[in-house]
Protein chains: 2
Amino acid sequence: MSKLESTASSPKHDVFQAVADPTRRQLLGLLVDQEMPVTVISGHFPMSRTAVSKHLRVLADAGLVKERKVGRETRYRLEPEPLLELKRWLAFYDRFWDNKLAALQRYVEQADGNDDSQVEAPLTVVKREPAE
Amino acid sequence: MSKLESTASSPKHDVFQAVADPTRRQLLGLLVDQEMPVTVISGHFPMSRTAVSKHLRVLADAGLVKERKVGRETRYRLEPEPLLELKRWLAFYDRFWDNKLAALQRYVEQADGNDDSQVEAPLTVVKREPAE
DNA sequence: ATTATACGAAACCAAATGGTTTCATGTCAA
DNA sequence: TTGACATGAAACCATTTGGTTTCGTATAAT
């Protein structure tokens with residue numbers, strides 16, 4: 001149970017970088033509900049199909065979407081797993097938020113439907129190095 | 001209590017983009033423990049002081065660090081608050097992880113000291129649009 | 001068989017990014 | 001005051017990025 005590294009593909013593209021672009025974040029949001037062929041996807045964006053296609057490739061390289069050929073179309077679907085890396089990285093900074101911010105954080109999490117309202121925990125300041 | 005927007009500065013630079021660069025992530029990691037002047041900071045990196053300085057500016061523009069002049073030096077310190085935006089964005093995808101991944105997620109969170117081990121929740125698939 | 005659709009690859013382009021070196025300025029020390 | 005230190009601004013450069021248009025190819029439809 002020690003293998004916690006790269007549970008999915010080889011991340012040719014960085015997750016942090018993949019997610020840095022607003023268009024690509026919207027793409028992930030779109031693909032949350034269902035898989036979609038490229039043309040349908042690109043219909044939601046004010047740029048060419050080819051441009052969207054390239055964004056999809058970046059996301060695929062980061063392991064954030066998977067493609068599947070169906071007839072003449074290529075359907076993409078969300079693959080949220082690599083987001084864990086982001087989540088883990090963020091988790092490191094949890095203990096450096098002051099109480100005011102911790103409160104805001106709880107508010108946010110609750111507002112998003114995550115019912116872990118008793119997060120508080122010990123809050124002992126553990127000296128540790130961040131992942132990267 | 002409705003104003004949940006931009007609790008800090010005007011984000012001239014995007015948090016997602018600020019955090020996309022590995023050097024800048026390392027910078028945040030460095031500044032976690034204490035505030036530091038530029039020269040000391042840049043001593044930890046294989047690039048010129050000026051380059052580090054520019055990275056610090058990007059972080060500052062995103063509100064992730066704050067600077068403070070002390071004599072002839074400028075000290076930088078971490079300002080983790082804008083990371084909440086990232087956290088909030090990520091939280092949206094929590095409910096789209098399958099059970100296997102949810103388990104891994106719990107493992108990660110626990111390993112990082114966040115004791116919210118009973119996250120499971122209803123897992124009812126709520127149709128909702130992501131933040132961006 | 002022919003035509004239309006779905007898509008990626010390629011070539012191209014402008015702008016942003018990440019880095020450099022040089023210079024000017026403010027502050028501390030002798 | 002003179003010199004060293006700390007720093008940001010500026011100009012510059014190569015590479016990456018985000019977009020375009022054009023073309024080729026595979027599949028579906030008529």
Side-chain angles (χ1 to χ4, degrees), chain A residues 9 11-31 34-79 132, chain B residues 9-31 34-79 82 132:
Chain A
S9 56
K12 204 176 93 187
H13 259 269
D14 193 72
V15 184
F16 287 89
Q17 194 190 328
V19 147
D21 184 272
T23 300
R24 286 193 293 263
R25 289 198 297 277
Q26 288 181 241
L27 277 169
L28 295 181
L30 240 195
L31 297 177
Q34 45 190 311
E35 79 175 3
M36 280 192 230
V38 177
T39 306
V40 173
I41 296 174
S42 81
H44 292 73
F45 295 86
M47 65 191 71
S48 73
R49 174 185 51 81
T50 314
V52 171
S53 192
K54 289 210 280 183
H55 279 302
L56 285 170
R57 170 155 306 280
V58 172
L59 290 174
D61 286 346
L64 285 165
V65 298
K66 278 284 195 291
E67 47 179 280
R68 172 183 148 234
K69 296 297 267 335
V70 174
R72 58 181 159 183
E73 55 188 28
T74 309
R75 302 198 187 149
Y76 286 86
R77 67 168 197 281
L78 179 70
E79 196 73 36
E132 192 164 349
Chain B
S9 57
S10 45
K12 204 175 91 186
H13 259 270
D14 192 74
V15 185
F16 287 89
Q17 193 188 329
V19 147
D21 185 272
T23 300
R24 286 194 292 264
R25 288 199 296 278
Q26 288 181 242
L27 277 169
L28 295 180
L30 240 194
L31 297 176
Q34 46 190 310
E35 79 175 5
M36 280 192 231
V38 177
T39 306
V40 173
I41 296 176
S42 81
H44 291 74
F45 294 86
M47 65 191 71
S48 73
R49 175 187 50 79
T50 315
V52 171
S53 193
K54 289 209 281 182
H55 279 302
L56 285 169
R57 169 154 309 279
V58 172
L59 290 174
D61 286 346
L64 284 165
V65 299
K66 277 282 196 291
E67 46 180 282
R68 172 182 149 234
K69 297 296 266 339
V70 174
R72 60 180 158 180
E73 55 188 28
T74 309
R75 303 198 186 151
Y76 286 86
R77 69 167 195 282
L78 179 68
E79 195 73 36
E132 191 166 352

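Numbers restart at 1 for each chain; the letters A, B, ... are given by sequence-line order, proteins then strands.
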Proximal nucleotide (of C:dG18, C:dT20, C:dA6) relative to the B:A51 side chain: C:dT20
B:T50 side-chain proximity, nearest of C:dG18, C:dG19, D:dA9: D:dA9
Length of the line joining A:Y76:OH and C:dA6:P, which is rounded to integer Å: 15 Å
Spatial distance of atom CG (A:D14) from atom CZ (B:R25) [nearest 0.5 Å]: 5.0 Å
Value in whole Å for how far the P atom of C:dT27 lies from NZ of B:K69: 7 Å
Closest-nucleotide 5' rank along DNA chain D - winner of A:P46 and A:G71: A:P46
Closest heavy-atom pair and its distance - B:I41, B:L27: CG2-CD2, 3.3 Å
Between D:dT16 (P) and A:D14 (CG): distance, integer Å: 15 Å
B:K54 side-chain proximity, nearest of C:dG19, D:dT22, D:dG18: C:dG19
Atom-to-atom span, CZ of B:R57 to C1' of C:dG19 - whole angstrom: 17 Å
Touch class at under 4.0 angstrom, heavy-atom based, for B:R75 against every strand present: nothing
Student check: side-chain heavy atoms of B:Q26 and B:L30 closer than 4.5 Å: no
A:H55 NE2 to D:dG19 C1', straight-line distance once rounded to whole Å: 8 Å
Residue B:T74, side-chain atoms from C-beta onward, closest of D:dT7, C:dA11, C:dG18: D:dT7
Touch class at under 4.0 angstrom, heavy-atom based, for A:S53 against every strand present: sugar-phosphate
Sugar-phosphate, base or nothing in reach of A:Q17, heavy atoms under 4.0 Å: sugar-phosphate
Value in whole Å for how far the P atom of C:dA29 lies from CD of B:E73: 11 Å
d(CZ, B:R49; P, D:dC5) in whole Å: 13 Å
Under 3.5 Å: donor-acceptor pair, side chain of B:R24, backbone of B:A18: yes
Distance-minimising heavy-atom pair for A:V70 and A:R75: CG1-NH2, 3.5 Å
B:L59 CG - C:dT17 C1' separation (whole Å): 14 Å
Contact under 4.0 Å: B:S48 side-chain N or O vs C:dT20 OP1/OP2: yes
Among C:dT20, C:dA29, D:dT7, the one nearest B:R72 by side-chain distance: C:dA29
